[in-house]
There are 2 protein chains.
Amino acid sequence: MNNDVILGKYFSLFNEIGIIEQLSRAFLEVQLPKGIIAPHFAVLNHLMRVNDGQTPLFLATAFQVPKTTMTHTLSGLSKHGLIEMRPNPKDARSKQVWLTEAGQELRNKTIAALGPYLQQVAEQVSTDELDTIVPILQKLREYMDEARNP
Amino acid sequence: MNNDVILGKYFSLFNEIGIIEQLSRAFLEVQLPKGIIAPHFAVLNHLMRVNDGQTPLFLATAFQVPKTTMTHTLSGLSKHGLIEMRPNPKDARSKQVWLTEAGQELRNKTIAALGPYLQQVAEQVSTDELDTIVPILQKLREYMDEARNP
DNA sequence: CTCCATTAATACGATATCGAACTAAATAGT
DNA sequence: ACTATTTAGTTCGATATCGTATTAATGGAG
């Protein structure tokens, strides 16, 4: 097959992915209280799914954002009482990020609120199709990730 | 299958998509001159693939961004001499966006520069796999798009 | 034709993102 | 043990995003 055709397919892929990302972010954000946006929720969700007590730098790496961005995101979460920053007992330069009750609650309520919408989506894209595309996307993501951090 | 399991799969899907979007944007932006970012390129590419002479409002709708954001993006492109804004002869309130030579050239050079990287990616994800996932993602995107604009 | 609701674009203010520079603490080399 | 380098986090300045309000042109109702 012609090279340009293959490249065209890749452009289509990244184009679809970009649009879906935008749409899914918009859907998430309408569920969130004013002043809380997707990156805030992503951090709450991560601290809950993995574990809290992680350092800001670790979070910045996990989300592939500059540390200054993570500082800003965390200060927003902290100001809204959704997380607590405590000193890191193992390193006086560092901090630990802990979820508050309010933070856990907001995360759970948001997940619950998204349920019905995802149900709707599930009627469009079957579980089989999901099981087909997610592993391929994972492989793609892992490769791109490696290519970025050589 | 359990509902929570299905929802979990959807979260994985949107999670992968979010990360891939971020990585692909980063790859694109390292190819772009300082001061030009992904949204600028997206507009140049759109004007080239579809056609130029479109209005700012039409572009804002196409990219699903607020008009104020598009105004800002276009002013950046204009400042760098990549597009020209002309009055719309059919409506004195409106404008038309035209590519300059420099704009066309930047778009083409960027596409060309991305080629080798996409070649690399193509070694990881086969054309067959692409043909499998792109239509599913299109279907998902179309549904989400409709759900957003009722 | 006149008035008024609608529409296209911009101005402005609030918050977000990110690179460069900075501070303080930890660690490596000698 | 002492100094130089590295590392964690913040501060600061530039630009981006987006909601609200504003201005100017349009188009429809009477």
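Chain A is the first sequence line, chain B the second, and so forth, proteins listed ahead of strands; every chain is numbered from 1.
The nearest whole Å value for the distance from the CD1 atom in Ile36(B) to the P atom in dA14(D) is 18 Å. The interatomic distance linking Arg25(A) (CZ) with dC18(D) (C1') rounds to 11 Å, in whole Å. Atom pair Phe63(B):CZ and dT17(D):P shows a separation of 12 Å (rounding to whole Å applied). Between the NZ atom of Lys90(A) and the P atom of dA8(D) there is a distance of 15 Å, rounded to whole Å. Distance Ile37(A) CD1 to dG19(D) P: 12 Å, rounded to the nearest Å. Remark: P of dT17(D) and NE2 of His72(A) are 15 Å apart, rounded to the nearest angstrom. In this entry the distance linking CE of Met70(B) with P of dG19(D) reads 14 Å, nearest Å. Rounded to an integer number of Å, the gap from CZ of Arg93(A) to C1' of dG9(D) is 10 Å.
Taken to the nearest 0.5 Å, the CZ atom of Phe14(B) stands 14.0 Å off from the CD atom of Glu21(B). Expressed to the nearest 0.5 Å, how far OG1 of Thr100(B) lies from CG of Leu106(B) amounts to 9.0 Å.
Between Val97(B) and the choices Asp52(B), Leu47(B), Leu77(B), the side chain to side chain contact (heavy atoms under 4.5 Å, CB included) rule is met once, by Leu47(B).
Considering only side-chain N and O atoms, Lys95(A) lies under 4.0 angstrom from the phosphate OP1 or OP2 of dT10(D). For Thr68(B) and dC18(D), the shortest distance from a side-chain N or O to OP1 or OP2 is not below 4.0 Å. Distances shorter than 4.0 Å separate some side-chain N or O of Ser94(A) from OP1 or OP2 on dG9(D).
Checking dA25(D), dG19(D), dG9(D) against the side-chain heavy atoms of Thr55(A) singles out dG9(D) as nearest.
Mapping Lys67(A) and His40(A) onto DNA chain C by nearest heavy atom places His40(A) at the nucleotide closer to the 5' end. Looking at which nucleotide of DNA chain C each of Ala92(A) and Gly35(A) is closest to, the 5′-most match is held by Gly35(A). When each of Lys79(B) and Pro56(A) is assigned the nucleotide of DNA chain D with its nearest heavy atom, Pro56(A) is the one assigned upstream, toward the 5' end.
Within the nucleic acid shown, Thr69(A) comes within 4.0 Å of at least one base atom, counting heavy atoms only. Residue contacts shown for Asp91(B) are limited to sugar-phosphate atoms, with no base heavy atom under 4.0 Å away.
Residues that satisfy the side-chain contact (heavy atoms from CB on, under 4.5 Å) test with His80(A), not counting sequence neighbours, are Ile36(A), Leu82(A).
Within the 4.5 Å cutoff, the side chain of Ile17(A) has heavy atoms near those of the Leu137(A) side chain.
The pair Glu84(B)-Arg86(B) meets the salt-bridge criterion, with a side-chain N (NZ, NE, NH1 or NH2) lying under 4.0 Å from an Asp/Glu carboxylate O.
Contact footprint of chain B on DNA chain C: nucleotides with an atom under 4.0 Å from a non-hydrogen protein atom, first to last in 5' to 3' order, dT7(C) to dA11(C).
Evaluation of the ring-ring contact (aromatic ring centres under 6.0 Å, His included) test over residues 38-68 of chain B, restricted to residues two or more places apart or in two chains, returns His46(B)-Phe63(B).
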